[in-house]
Amino acid sequence: MLIEVCRAFAPRVVLVRQPWRERDFTAEEAAELWNFGNRSPYRGEIDHYFTHRLISELMSDIDRVTEEVGRDLDVETVGLRDVVPTDFDHYYDFLHNTPRGAEVVGRALGAHI
């Protein structure tokens with residue numbers, strides 16, 4: 001398991017949980033969120049995008065499992081969803097941070113460490 005490999009080389013392992021924008025989007029905002037098409041845009045035309053509600057549910061499941069794994073393996077976890085504002089100043093899209101968002105993430109992780 002990756003966590004065991006990390007523990008073999010580091011005195012401290014921290015799992016950082018991925019933040020994302022979970023909220024209701026206006027039609028204009030949703031048009032800016034290009035993530036989660038049914039195929040790679042580099043390999044063909046995307047003809048369907050999965051709903052942000054579905055992706056939020058999946059991200060919530062991943063977040064919950066990551067926290068459980070950290071707890072079960074006695075590894076610190078850091079959640080960033082409450083730290084990064086869910087606006088376009090901090091996110092390019094559904095889950096990628098702008099430089100301003102990355103700064104917020106960096107400061108939060110720095111404070112934790």
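FYI, the numbering just counts along the sequence from 1.
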Restricting to side chain to side chain contact (heavy atoms under 4.5 Å, CB included), what partner residues turn up for Leu95, sequence neighbours left out? Gln18, Trp20, Phe36, Met59
According to ring-ring contact (aromatic ring centres under 6.0 Å, His included), does anything in residues 55-92 pair up with another residue at least two apart or in another chain? List the pairs. none
Counting distance only, does the side-chain N/O of Arg12 pair as donor-acceptor with the main-chain N or O of Ile113 below 3.5 Å? yes
Give a yes or no on whether a salt bridge exists between Glu103 and Arg107, defined as a side-chain N under 4.0 angstrom from a carboxylate O. yes
Please report the interatomic distance CD(Glu76) to NE2(His112), rounded to the nearest 0.5 Å. 4.0 Å
What pair of heavy atoms forms the shortest contact from Arg81 to Pro19, and how long is it? CG-CA, 3.7 Å
Using salt bridge (Lys or Arg N to Asp or Glu O under 4.0 Å) as the criterion, list what pairs up with Asp61, not counting sequence neighbours. Arg64
Same apolar cluster: Val65 and Val75, side chain cutoff 4.5 Å: yes
Hey, what do you get for NE2 (His52) to CD (Glu22), rounding to the nearest 0.5 Å? 12.0 Å
Polar side-chain atom of Asp93 near backbone of Asn35 as donor-acceptor pair, under 3.5 Å: no
Indicate if Leu80 and Leu15 have the same hydrophobic cluster label, given that clusters are the connected sets of ILVMFWY residues with side-chain heavy-atom separations under 4.5 angstrom. no
Heavy-atom check, side chain of Asn38 versus side chain of Asp47, under 4.5 Å: yes
Are Leu58 and Phe94 in one and the same hydrophobic cluster, where Ile, Leu, Val, Met, Phe, Trp and Tyr link if side-chain heavy atoms are under 4.5 Å apart? yes
Determine whether Val83 and Val105 make a side-chain contact, defined as any pair of heavy atoms from C-beta on separated by less than 4.5 Å. no
Using atom types as modelled and distance alone, determine if a side-chain donor or acceptor of Arg23 lies under 3.5 Å from a backbone N or O of Thr86. yes
For the pair Asp24 and Arg53, find out whether any cationic side-chain nitrogen is under 4.0 Å from an anionic carboxylate oxygen. yes
Closest approach of Glu67 and Arg17, non-hydrogen atoms and distance? OE2-NH1, 3.8 Å
For Asp72, does the CG atom have more than 12 heavy-atom neighbours from other residues, nucleotides or ligands under 6.0 Å away? yes
Should Leu73 and Val14 be counted in the same cluster of Ile, Leu, Val, Met, Phe, Trp and Tyr side chains packed under 4.5 Å apart? no
Which pair of heavy atoms, one from Ala102 and one from Asn97, lies closest together, and at what distance? N-CB, 3.7 Å
Less than 4.5 Å apart, any side-chain heavy atom of Asp74 and any of Arg7? yes
Verify same cluster id: Val84, Val78 (apolar side-chain graph, 4.5 Å): yes
